[in-house]
2 protein chains.
Amino acid sequence: MVTIKDVAKRASVSPSTVSRVIAGSTRISLQTRLRVQQAMEELNYVPNAIARSLARSHTRTIGFTVARQADDAFANPFFSEVMRGMSTVAQARDYNILLSINPTPEEERDKCLRLIKERRIDGLIVSTSRVKDQLIATLISEQIPFVLIGRSADTPVLSVNNDNVQAARSATIHLFEQGYERVLFLGGDRNLVVTQDRLTGYKQACFEWQRAYDEAFMIEADFSIESGFAALEAARERGIPFDAVLAADDLLALGALQYAKSVHCQVPEQLGVVGFNDSPLLSYVNPPLTSVKILAYELGLEAMELLLDTLEQPAKARTKKEILIPSELVVRASSLRKGMK
Amino acid sequence: MVTIKDVAKRASVSPSTVSRVIAGSTRISLQTRLRVQQAMEELNYVPNAIARSLARSHTRTIGFTVARQADDAFANPFFSEVMRGMSTVAQARDYNILLSINPTPEEERDKCLRLIKERRIDGLIVSTSRVKDQLIATLISEQIPFVLIGRSADTPVLSVNNDNVQAARSATIHLFEQGYERVLFLGGDRNLVVTQDRLTGYKQACFEWQRAYDEAFMIEADFSIESGFAALEAARERGIPFDAVLAADDLLALGALQYAKSVHCQVPEQLGVVGFNDSPLLSYVNPPLTSVKILAYELGLEAMELLLDTLEQPAKARTKKEILIPSELVVRASSLRKGMK
DNA sequence: CTGTTAGCGCATTCAT
DNA sequence: ATGAATGCGCTAACAG
């Protein structure tokens, strides 16, 4: 392995001089700079990032953590897109990404803590938040630099989120405008902040349109087609009337479609359905599904940008910035009763 | 930050002793071991992985690289699943994963090389291979430990692959069995080894069933619905007759479905369609799409296992092991002319 | 502008 | 079984 010493020798300077040209110090004569650079090239020298990290006590690598529980998620392209976004700016700003996929929130918490304490990462991007999020609480109390993709329900933190409330509200109103009377909210895990926010938006729309809201209108399900199906079946059995469904995820929405088929109920004529995430194949299901498109790539991008800014200028970190990324309702047949738009 | 010295002091031993109990050395009296362990806990000590890496000259982190070009790919859950698989064994064996997403093969090559030379990673998992793959060639000549997910067209390397040839063969035969006469191969980038292997399987089936094969039967497209659509339209315009399509990807297959719809051609009656990857929503498109299910999770898992084994026992690395993961044809309506199975 | 010195936190000889 | 000494490769005062 070729080290800084080898370069120094070849350029007939001291190691510190080499270190300086690597760091791009200005107080170096053009002469020696050139000589050193040449030596580096001739020797094919690449600085050892580990040694560097040890000396400077930071690593230029960012952790990205996913609690695999919250992931229908990891099965849909959402995370891939987030990663692409993060990667783009990481690349541009010369950072690396360390991936941490964990089966449970507990393991996630321990793993992240360890990564930090081991000094493997300088900061963290967290991808899902629950109501009393252990990870976030720990991160705060340990003063670990991080940004959340999503929203923190408890303490304000640096975060970039999509406008779930607004999006759910628009989607619901869209259904009302299409003439649906009783919209059900078909949500995922109640403890996820996303679910809560979407529910809030839904309620808000109900309120604005002066539609009755009842606890029974919120039905909870896992993020799966089967679960969505089952939830609606259960709702019907309990005698809850409805002619539309706002699903907090496309899989759930698909479950609603399945349900409709099973009870010979026409979509969109007798049942309107809207999903979340705008999964790629959605235009090809039958009927094509209306869905809220979320800009996952942008979420990842902004999150990384925010974190790196914070890391590089700790002073600015005082204000707990919260970035909001707008989403878009992609209207397709499954919610178009009036054939309009 | 609490270091090994702090622990040493508190346990009234030397730093090297602490280092030994961390490493699990046997030549340590139970007494002192206990004392040290207690001190570590009391101080909440976690070894600095960077310092450790520098001293031992390896990092216990593995790079995972994706050339974003080959990725329809990154848009479908394939990569997510691969990562989950990798992550599972990494976690179990106490390794970390460094993510590298690159826009082009060239940048990918440079980035990976750099990660290695910077000593950030001990080894690499590569996710797509092309015909004269620059990355792989470089990796070999630089003697960098890596395993390929896929197959190397040029030199034998450590790899874990799914049985593309066999899978394509079975899928094609399935179409023949269903009574289709002229099946077209709708492939992605010709330079991808996957494409080639699937084409080989397709040809093999043609040969076995004594069907004519012509270069014109292989049509190339990007990994997108539109491109698949366009490719079939072009084929028809060129007067190539066909009544079935084996698509090397689900998106392409969907393009075929679109095409069929546009020319009022019934699927599966007048056109049989089979895809690859078994994307989650496929059962819900119309008609439900037959597709080859690939065990991406297993691919990632085996790849990581293989790489770590190699890293930890360099001796075994001599034989260029190639693991094959079987896939499964999931038959749905889009290819079921005879209503059988 | 450049060289010298002293760590960064840990692992690993070599003694004892 | 344990301690002292040295080095991993680089950065960062401190001199000059």
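Residue numbering restarts at 1 for every chain, and letters A, B, ... go by the order of the sequence lines. Being a predicted model, the structure only gives us computed values, none of them experimental.
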Note to self: So, OP1 or OP2 of C:dC1: does either fall under 4.0 Å of a side-chain N or O from A:R20?
What the structure shows: no

Item checked: Electrostatic pair B:R109:B:E106 at N-O distance under 4.0 angstrom -> no

Item checked: Residue A:Y45, side-chain atoms from C-beta onward, closest of D:dC10, C:dC10, D:dG9 -> D:dC10

Checklist line | Nucleotide D:dT2, atom P - distance to CG of B:L34 in whole Å | finding: 12 Å

Notebook entry, point to check: Just checking A:S29: base, sugar-phosphate only, or nothing, at a heavy-atom cut-off of under 4.0 Å?
Noted result: sugar-phosphate

Checklist line | From A:T65, A:T128, A:N102, residue fulfilling side chain to side chain donor-acceptor pair (under 3.5 Å) relative to A:E108 | finding: A:T65

Notebook entry, point to check: Under 4.0 Å: is that the gap between some side-chain N or O of A:R52 and OP1 or OP2 of D:dT11?
Noted result: yes

Item checked: All side chain to side chain contact (heavy atoms under 4.5 Å, CB included) counterparts of A:Q143, not counting sequence neighbours -> none

Checklist line | Under-4.0 Å side-chain N/O to phosphate OP1/OP2 contact, B:S57 with D:dC8 | finding: no

Margin query: By nearest heavy atom, map B:L54 and B:A23 onto DNA chain C; which one lands nearer the 5' end?
Written below: B:L54

Checklist line | Modelled atom types, side-chain donor and acceptor of A:S16 and A:S19, under 3.5 Å | finding: no

Item checked: Distance in angstrom units between B:I4 CD1 and C:dC8 C1', rounded -> 13 Å

Note to self: By nearest heavy atom, map B:R56 and B:T32 onto DNA chain D; which one lands nearer the 5' end?
What the structure shows: B:T32

Margin query: On the nucleotide D:dG9, are OP1 or OP2 found under 4.0 Å from the side-chain N or O atoms that A:T3 carries?
Written below: no

Check: What is the nucleic acid contact for B:P15, judged by heavy atoms within less than 4.0 Å: base, sugar-phosphate only, or nothing?
Finding: nothing

Notebook entry, point to check: Is a salt bridge present between A:R114 and A:E118, judged by a nitrogen-to-oxygen distance below 4.0 Å?
Noted result: yes

Notebook entry, point to check: Rounded to whole angstrom units, what separation is found between the CD1 atom of B:I50 and the P atom of D:dG7?
Noted result: 23 Å

Check: When we call it a touch if two heavy atoms are under 4.0 Å apart, what does B:S16 touch: a base, just sugar-phosphate, or nothing?
Finding: base

Note to self: Rounded to whole Å, how long is the line connecting atom NE2 of A:H58 with atom P of C:dG9?
What the structure shows: 14 Å

Item checked: From C:dA11, C:dT4, C:dC8, nucleotide with atom closest to A:S14 side chain -> C:dT4

Notebook entry, point to check: Looking across every strand, which nucleic acid part, if any, lies under 4.0 Å from B:V13 by heavy atom: base, sugar-phosphate, or nothing?
Noted result: sugar-phosphate

